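Please read the structure below before turning to the comments.
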There are 2 protein chains.
Amino acid sequence: MAPKLHLQIDDRSGVPVYRQMMDQFIYYVAGGTLRPGDQIPSIRELAAALGVNPTTVVKAYTELERAGFVEKRHGKGAFIAANAQALTTAEQEDALRRAAKQLAVEATQLHMSTPKVIDVVREELGALSNDRATDEAPVKFAVMNGGR
Amino acid sequence: MAPKLHLQIDDRSGVPVYRQMMDQFIYYVAGGTLRPGDQIPSIRELAAALGVNPTTVVKAYTELERAGFVEKRHGKGAFIAANAQALTTAEQEDALRRAAKQLAVEATQLHMSTPKVIDVVREELGALSNDRATDEAPVKFAVMNGGR
DNA sequence: ACGACTGTTTGATGACAGCCACACACACGG
DNA sequence: CCGTGTGTGTGGCTGTCATCAAACAGTCGT
């Protein structure tokens, strides 16, 4: 009913927060972690967990509702829509490819070697799967700060 | 003096255009492709090549100037600042890691297998290096559209 | 009926990007 | 020597949108 989620917001990325949230919910549905009927965190709960304004979560949920992924019920909570369509395999690969391309462009401009890039990707993938094994909180708080 | 650049703007990403341009210039300097004294595309030229408003390029160049990477000269053009400091190795790795983490988070939420992810990254890296061999235009026009 | 959850709405603020008129630098032809 | 043309960057104004803050309204258990 309420699978463990692990939402990650990157303030420095410039991507609107509500959009980052939207994408990640969609990916969770696409990957099957979130299924139709599942209750998702309340607006205030998610806002508090991620340290953003409730209105921002409202925007994300509202857009997700328009897109058919989410149903909000006044006084009750928010849920994955009954007819939420998972992304097609092609769409999922597109999403992955977009992020990969972004990485590739940066790496190329930085003159990074292919093995080096692959290494870092492996590390990050590994870090995430370990995380999931240990994590018990229903919604994981995650904001990237890091310095340039 | 004017190395071939390959700037890539992704409209759908939500990242401010001027910020995407900034990052990529910084990465080019960090990677050594752009060196102090090099002339970079004029505001209008870059704006036309990328299909964005000149004002947006102005913002990118102005911010890069504040950061010490660029010098604008009225009537002459824009240049890489004499004392433009390349990013430290640690900073470069941070930048790479940020993009990798983004990719890892998405992949995990989509339930993608590690080998699959690595494959796609390899493909994208390959696509870029081929590009560079063929490309002759001083500034490559690149805007991502792709549909969701 | 109260209290503690839930979602809803409105207004203010600031960032982003577009349009348009202006000012400086230099090369060319009178 | 001067004017004109074409390149360059500069600056003001406007529309749109993301975010925040605070007040409003429905649901449910006691």
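Just so it is clear, the model here is predicted, and its values are computed rather than measured. Convention: sequence-line order gives letters A, B, ...; per-chain numbering from 1.
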- Message: Using the side-chain hydrogen bond (donor to acceptor under 3.5 Å, both in side chains) definition, which of the options A:Arg98, A:Lys101, A:Arg97 pairs with B:Glu124?
- Response: A:Arg97
Whole angstrom value for the distance that separates [atom2] of [N] from [atom1] of [X]:
| X | N | atom1 | atom2 | result |
| --- | --- | --- | --- | --- |
| B:Arg19 | C:dA17 | CZ | P | 11 Å |
| B:Asp10 | C:dA17 | CG | P | 13 Å |
| A:Gln39 | C:dC5 | CD | C1' | 11 Å |
| A:Lys72 | C:dT6 | NZ | C1' | 12 Å |
| B:Asn53 | C:dG18 | CG | C1' | 5 Å |
| A:Glu45 | C:dC5 | CD | P | 11 Å |
| A:Ile40 | C:dG7 | CD1 | P | 9 Å |
| B:Phe79 | C:dA25 | CZ | P | 13 Å |

Please check: side-chain N/O of [X] versus main-chain N/O of [Y], any donor-acceptor pairing under 3.5 Å?
| X | Y | result |
| --- | --- | --- |
| A:Tyr28 | A:His6 | yes |
| B:Glu65 | B:Lys72 | yes |
| A:Gln20 | A:Val15 | yes |

- Message: Check the phosphate of C:dC16 against B:Lys59, side-chain N and O only, distance under 4.0 Å to OP1 or OP2. Yes or no?
- Response: yes
- Are any of B:Lys76's side-chain N or O atoms less than 4.0 Å away from OP1 or OP2 of C:dC24? no
- Item | salt_bridge(B:Lys116, A:Glu93) N-O dist < 4.0 Å | yes
- Task: Determine, for B:Glu63 against B:Arg19, whether the closest basic-nitrogen to carboxylate-oxygen distance falls under 4.0 angstrom.
- Result: no
- Message: What's B:Tyr18 touching, base or sugar-phosphate or nothing? Going by heavy atoms closer than 4.0 Å.
- Response: sugar-phosphate
- Message: Taking the nucleotide of DNA chain D with the nearest heavy atom to each, does A:Val52 or B:Thr62 sit closer to the 5' end?
- Response: B:Thr62
- Message: Pick the closest DNA chain C nucleotide for A:Thr55 and for A:Gly77 by heavy atoms, then say which residue is nearer the 5' end.
- Response: A:Gly77
- Item | Start and end of the DNA chain D segment that chain A contacts, any atom under 4.0 Å from a heavy atom | D:dA18 to D:dC28
- Would you please say whether a donor-acceptor pair under 3.5 Å links the side chains of A:Glu106 and A:Gln102? yes
- Message: Quiz question: going by heavy-atom distance under 3.5 Å, is there a donor-acceptor pair between the base of C:dG7 and the side chain of A:Arg73?
- Response: no
